Colleague: 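This is the structure I have questions about; it appears just below.
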Number of protein chains: 2
Amino acid sequence: MASNEIINNKMRKEGTHMKTVKEGETYDCLRLENQLCFPLYVCAKEIVRRYKPFLDEIDLTYTQYIAMMALWDKKKLNVKELGDMLFLDSGTLTPLLKKMEEKGLLTRTRSKEDERNLIVEITDKGEALKEEAKTIPERLGSCLSMSEEDAGKLYEILHRFMGTI
Amino acid sequence: MASNEIINNKMRKEGTHMKTVKEGETYDCLRLENQLCFPLYVCAKEIVRRYKPFLDEIDLTYTQYIAMMALWDKKKLNVKELGDMLFLDSGTLTPLLKKMEEKGLLTRTRSKEDERNLIVEITDKGEALKEEAKTIPERLGSCLSMSEEDAGKLYEILHRFMGTI
DNA sequence: TACAATTAGATTGTACACAATTATTAATAT
DNA sequence: ATATTAATAATTGTGTACAATCTAATTGTA
């Protein structure tokens, strides 16, 4: 059964938000509180917003932060590989990486073997930033106030869905 | 316990992605695959992307779609109330509502009682769009391929978190 | 070996998001 | 009654996102 129907059925069973039987049956699926995507969209924005004060301290935006995570891990990769890891395309990454290059966090060089590839490599300064960033996840977690169980379950469900992208 | 630690502990228990004991203990929290925010951010973008073909049919963006949902429900409200419902501020809403007004979906009028308030009211054309939109949730659900259980659990966890915003 | 198809990035254009600031109006506190 | 404060939108500036298009390099193939 499709996920939207579950949510709608769940709402109907609880007897909430129904105006008339007919209107409820036909349009309840168009109510904000019955959406699955809307809270996902809201929660994602909210958590990025909560990262901001911590990321400001090390002068990174959230997108730059996840790009650094990829680089702390891989050290060197091309734009395509980075895009696959972050689920971002060149339209987003090109200007982002140029800014990060200006900040001295990485270098951008065309590959000798295949000139189509742009190699992105972390610098010493980029590596050093890891030391400053390492306290962020714990400090963020402390201000999220989500139970251990919810966090684990959420992680599990989202990763299952990401596998289908 | 903070949610990030749970994820990290979980990862450690599973023995994945550890390089050395020291490095694992110190930096595992900075690995993309140990983040809770990252999959949330990716999944939210992905679902909005999957809405696009359906929303293109009725010439709405995702943000305009959730604004219409609020209007289909409330018929008339001011920008502040709309912002509270959608978790968006006037910087996002002002240009969005102007575009929707141009499309004839709503009207924007200053309140007589309190000139600070801008009243946003749905038009007949806006109401009529509901009829075209009503099949979207089901059609979207069909292409999400998320289990009934996951969808319900996800809905529950996200709403619990939204309650803390 | 020409040449079509593919691939990787960059560019362009549109649409958010949101912080910070400003302008207007309303409420309130002397 | 006036000065102060608060509330509400609008504006400005920065930073994503992503579709569509373009260019250059590489690969596959007849």
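None of the values given here were measured: they were computed from a predicted structure. Chain naming here is simple, since letters A, B, ... match the order of the sequence lines and numbering starts at 1 in each.
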Colleague: Let me spell it out: for each of Glu115(A) and Leu96(A), pick the nucleotide of DNA chain D with the closest heavy atom. Which residue's pick is nearer the 5' end?
Modeller: Leu96(A)

Colleague: Parallel, tilted or perpendicular: which fits the ring planes of Tyr65(A) and Tyr51(A), with parallel below 30° and perpendicular above 60°?
Modeller: tilted

Colleague: Earliest and latest nucleotide of DNA chain D, 5' to 3', sitting under 4.0 Å from a non-hydrogen atom of chain A?
Modeller: dG15(D) to dT26(D)

Colleague: Counting only heavy atoms not in Asp56(A), do more than 12 sit closer than 6.0 Å to its CG atom?
Modeller: yes

Colleague: dA15(C) P sits how many Å from Asp89(A) CG, rounded?
Modeller: 17 Å

Colleague: Under the side-chain contact (heavy atoms from CB on, under 4.5 Å) rule, what do Asp150(A) and Phe161(B) come out as? Steps first, then yes or no, please.
Modeller: CA-CA 9 Å; Asp150(A) 278 3; Phe161(B) 181 68; over 6 Å; no

Colleague: Can you tell whether the side chains of Glu57(A) and Arg139(A) come within less than 4.0 Å, N to carboxylate O?
Modeller: yes

Colleague: So, are Arg110(B) and Glu115(B) salt-bridged, with charged N and O less than 4.0 Å apart?
Modeller: no

Colleague: Under a 4.5 Å cut-off applied to non-hydrogen side-chain atoms, are Leu77(B) and Leu71(B) in contact?
Modeller: yes

Colleague: Just how far is it from atom NZ of Lys76(B) to atom CG of Leu82(B), taken to the nearest 0.5 Å?
Modeller: 14.5 Å

Colleague: Donor-acceptor pair, Arg50(B) side chain versus Leu140(B) backbone, under 3.5 Å?
Modeller: no

Colleague: For the pair Tyr62(B) and Tyr41(A), name the ring-plane relationship: parallel under 30°, tilted 30 to 60°, perpendicular over 60°.
Modeller: perpendicular

Colleague: With a 3.5 Å cut-off and no angle check, do the side chains of Gln64(B) and Lys99(B) form a donor-acceptor pair?
Modeller: no

Colleague: Could you say whether Ser111(B) or Tyr41(A) is positioned toward the 5' end of DNA chain C, judged by the nucleotide with the nearest heavy atom to each?
Modeller: Tyr41(A)

Colleague: May I ask you to list the residues of residues 42-65 of chain B, by number, that have any heavy atom positioned under 4.0 Å from an atom of DNA chain C?
Modeller: Thr61(B), Thr63(B), Gln64(B)

Colleague: Report, one line per pair, each donor and acceptor closer than 3.5 Å where one atom sits in a side chain of residues 85-96 of chain B; sequence neighbours left out.
Modeller:
{"residue": "Asp89(B)", "atom": "OD1", "partner": "Gly91(B)", "partner atom": "N", "Å": "3.1"}
{"residue": "Asp89(B)", "atom": "OD1", "partner": "Thr92(B)", "partner atom": "N", "Å": "3.2"}
{"residue": "Thr94(B)", "atom": "OG1", "partner": "Ser90(B)", "partner atom": "O", "Å": "2.9"}

Colleague: If you measure from the Lys or Arg side-chain nitrogens to the Asp or Glu carboxylate oxygens, is any gap between Glu102(B) and Lys98(B) under 4.0 Å?
Modeller: no

Colleague: Is the closest side-chain donor-acceptor distance between Ser147(A) and Glu149(A) under 3.5 Å?
Modeller: no

Colleague: Determine, using the 4.5 Å side-chain heavy-atom cutoff (strictly less than), whether Leu97(B) and Ile119(B) are members of one ILVMFWY cluster.
Modeller: no

Colleague: List the protein contact pattern of nucleotides 5-10 of chain C with one symbol per nucleotide (5' to 3'): B for base contact, S for sugar-phosphate-only contact, - for none; contact means a heavy-atom distance under 4.0 Å.
Modeller: --BSSB

Colleague: Note down the inter-axis angle between the two ends of the helix from dT1(C)-dA30(D) to dT30(C)-dA1(D), five pairs each, to the nearest 10°.
Modeller: 10°

Colleague: Is any side-chain N of the basic residue among Lys130(B) and Glu127(B) closer than 4.0 Å to the acidic one's carboxylate O?
Modeller: no

Colleague: In residues 157-165 of chain A, which ones come under 4.0 Å of DNA chain C, going by heavy atoms?
Modeller: none

Colleague: Rounded to the nearest Å, what distance is computed from the CG atom of residue Leu88(B) to the P atom of nucleotide dA15(C)?
Modeller: 16 Å

